[in-house]
Engineer: 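Below is one structure. I have some questions about it.
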Amino acid sequence: MNKSWWQEAVVYQVYPRSFQDTNGDGIGDLQGIIKHLDYIKKLGVDVIWLNPIYSSPNDDNGYDISDYRNIMTEFGTMADFNQLLKTIHEHGLKLMMDLVVNHTSDENAWFVEAKRSVNNKYHDFYLWRDGKDGKAPNNWQSEFSGSAWQYVPSVNQYYLHLFTKKQADLNWDNSDVRHEIFDLMNWWCDKGIDGFRMDVINLISKDPAFPDDPNLKGEVHGSSMTMAANGPHVHEYLKEMYKEVLSKHDLITVGETPGASTADAIKYTGFNSHELEMVFQFEHMGVDISPTMGKWTDRPFKLVDLKRIMSRWQTELNGKAWNSLYWNNHDQPRVVSRFGNDAAEYRELSAKMLGNCLHMMQGTPYIYQGEEIGMTNVGFPKISDYHDVETLNAYKELVQDKHSVTDGQMMRYIHKHSRDNARTPMQWNDEPNAGFTAGEPWIDVNPNYDQINVANALADPNSVFYFYQKLNQLRKQYSIIVYGDYELIEPEDEQVYMYWRHLDGQKLLVVSNFTDQTLRRSIIQRRGTGHMLISNYQNDSGDQLRPYESRTYLIN
Ligand code: NOJ
């Protein structure tokens with residue numbers, strides 16, 4: 001197998017808006033990231049992925065870029081960026097930028113020109129179609145509710161927006177668009193950045209016939225992302241990107257690919273694909289999602305489903321492509337509240353259990369800010385406490401327009417799945433606003449910050465933080481953690497997730513109790529003379545697994 005630094009690395013994701021404010025405007029900024037680089041370094045990670053920091057009107061918190069070569073005013077200046085990059089490198093860390101090129105803001109200069117006239121050079125930078133019988137060109141629904149098409153009177157046409165109407169989809173079939181994008185990517189690479197996380201990159205190539213979405217009939221809430229996923233020219237365009245940009249620099253790349261199967265992932269990231277290095281797949285994020293209501297549900301998840309999906313990705317990519325490993329990001333609820341147990345008694349135990357269960361798999365682990373201290377979901381009482389455009393639009397659609405769910409139901413679903421669960425400010429200490437800002441935070445702090453915060457975590461040798469630090473250290477020590485093959489044990493066990501890793505005659509045994517029960521499983525016999533590398537309890541209780549207990553053994 002080829003061995004690459006990014007396979008051995010651990011990535012730490014920073015959501016700059018909610019990380020650290022240094023100028024009192026209530027919004028996190030680049031100086032705030034600089035302030036905490038020692039903290040990030042101490043965790044033992046290698047790469048920092050920043051959510052978009054480019055100029056943006058923030059209709060979708062930076063995923064609507066108005067100028068790809070400038071820094072968002074709220075976050076600072078290009079001088080701050082240069083200082084950040086330099087300081088990151090001085091810490092021996094690398095920087096991965098978010099690249100959002102499926103769409104731009106409607107305030108981007110390209111779009112401002114595009115909507116002036118059909119004859120404007122930039123018109124064809126976007127996806128325009130005539131209406132049908134006075135209505136949108138087809139039935140596609142935006143990921144964030146409502147039609148995916150917006151009418152513009154000045155050109156008497158509709159443009160496609162798979163996300164909000166301020167996020168207009170680019171026309172990748174136009175080679176000028178592709179060259180503009182490759183230019184801006186090279187421009188950032190020349191500044192010395194170390195990689196890209198590519199937003200919804202498998203949506204860039206659409207079928208120009210724009211057929212109706214057959215899956216939408218009778219749905220109360222739908223999205224047409226699948227209609228745009230893995231389109232006709234996507235591999236051709238990514239290979240071109242590889243040739244024009246990626247092959248010229250030593251980068252870490254990961255493409256966000258909703259709806260991608262393992263077979264798709266092998267096409268995008270196969271070791272000889274000349275496209276990407278990793279994808280963010282979503283199948284495991286679908287275990288508690290409803291086929292008709294999407295995330296607006298309180299469906300519980302089943303461990304056997306999670307194991308089946310994770311294991312399929314582990315075995316089918318093995319030797320062919322490389323997994324990304326994640327439980328969390330800025331779009332997902334907090335994992336300790338989702339697959340663990342955030343009650344005071346079990347929060348730290350289950351947060352560590354989830355860390356061990358994931359980080360011992362084959363792939364590159366991603367840690368989302370706050371995961372390393374076991375931050376939890378938030379349950380704001382009112383819809384007006386929320387800021388996320390997806391949450392607000394879904395509430396309006398389902399509660400106010402269609403009356404398909406009550407306010408009470410919807411708030412329950414929001415508490416489980418809203419993206420704002422991940423976006424409340426980083427909890428640094430028990431001072432006002434968790435030490436995030438001296439001003440009014442743009443979104444309220446989770447009230448549990450007086451207990452759950454970095455200062456407490458750093459002061460407690462048994463904290464989730466030091467457990468994650470140890471996971472990162474072990475990864476550097478044992479190449480079996482990085483490169484070993486994976487084998488699931490007892491797929492039908494509904495309570496325990498147990499698997500092997502194998503490399504050159506060595507084995508790892510990873511055992512995780514996903515329940516608050518004390519259970520018995522055959523562990524002593526399996527581990528034999530192996531020794532325990534890490535555990536979230538103080539001692540080894542053999543075949544007895546205490547609530548949320550998790551251990552890894554190395555067997556030589
Ligand atoms: C995926 C990003 O992670 C999400 O935050 C964003 O809303 C959409 N792509 C649209 O850019």
Side-chain angles (χ1 to χ4, degrees), residues 11 13-19 28 49-66 68 72 96-108 111 126-127 140-146 148 150 159-170 172 181 196-204 206 223-230 234 253-260 276 278-282 284-286 289 294-295 324 326-334 366 368-369 371 386-394 417-424 442-443:
V11 181
Q13 181 189 351
V14 171
Y15 194 68
R17 199 176 178 80
S18 301
F19 197 59
W49 153 29
L50 293 185
N51 287 96
I53 57 169
Y54 316 90
S55 300
S56 166
N58 281 304
D59 196 46
D60 184 20
N61 288 3
Y63 283 93
D64 47 322
I65 297 173
S66 51
Y68 287 98
M72 192 191 296
M96 176 157 72
M97 297 282 279
D98 216 310
L99 181 78
V100 189
V101 288
N102 172 70
H103 44 267
T104 74
S105 165
D106 65 341
E107 298 181 32
N108 190 296
F111 191 81
Y126 296 86
L127 294 163
W140 288 16
Q141 295 287 298
S142 144
E143 176 67 6
F144 296 152
S145 306
Q150 178 68 24
Y159 67 87
L160 181 74
H161 60 89
L162 291 175
F163 298 92
T164 77
K165 61 176 190 276
K166 287 183 67 65
Q167 294 167 293
D169 281 57
L170 283 163
W172 276 70
I181 291 169
F196 292 109
R197 173 270 187 190
M198 303 185 192
D199 193 59
V200 289
I201 200 68
N202 66 330
L203 307 188
I204 57 175
K206 281 90 174 173
S223 133
S224 301
M225 270 203 316
T226 46
M227 293 299 289
N230 313 315
V234 67
T253 60
V254 55
E256 190 201 26
T257 54
L276 303 173
M278 288 169 268
V279 295
F280 284 137
Q281 59 92 10
F282 282 77
H284 66 310
M285 293 286 110
I289 293 297
K295 59 170 69 169
S324 69
Y326 77 95
W327 289 140
N328 269 118
N329 60 42
H330 62 292
D331 293 330
Q332 299 295 335
R334 292 281 179 182
Y366 290 73
Y368 178 66
Q369 68 180 46
E371 179 180 342
Y386 285 83
H387 294 257
D388 167 33
V389 66
E390 178 188 48
T391 305
L392 298 177
N393 288 2
H417 286 290
S418 169
R419 305 195 297 182
D420 280 342
N421 284 306
R423 299 177 180 187
T424 60
W442 71 274
I443 184 171

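Everything quoted here is computed from the prediction, not taken from an experiment. Start at 1 and go down the list; that is how both ligands and their atoms are numbered.
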Engineer: Can you tell me which residues line ligand 1 if we count any heavy atom under 4.0 angstrom from one of its atoms, in chain and number order?
Structural biologist: Asp60, Tyr63, His103, Phe144, Phe163, Gln167, Arg197, Asp199, Val200, Glu256, His330, Asp331, Arg419, Arg423

Engineer: Does Glu107 reach the main-chain N or O of Ser66 with its side chain, forming a donor-acceptor pair under 3.5 Å?
Structural biologist: no

Engineer: Under the side-chain contact (heavy atoms from CB on, under 4.5 Å) test against Tyr366, which residue among Met96, Arg197, Glu371 passes?
Structural biologist: Met96

Engineer: How would you list, by chain and number, every residue that makes a side-chain contact (heavy atoms from CB on, under 4.5 Å) with Ser56, sequence neighbours excluded?
Structural biologist: Asn58, Asp64, Met72

Engineer: Name the one of Asp59, Thr104, Asp106, Asp60 that satisfies side-chain hydrogen bond (donor to acceptor under 3.5 Å, both in side chains) with Lys166?
Structural biologist: Asp106

Engineer: Evaluate the side-chain proximity of Gln13 to His330: yes if any heavy-atom separation is below 4.5 Å, no if none is.
Structural biologist: yes

Engineer: Aromatic ring centroids of Tyr326 and Trp49 under 6.0 Å?
Structural biologist: no

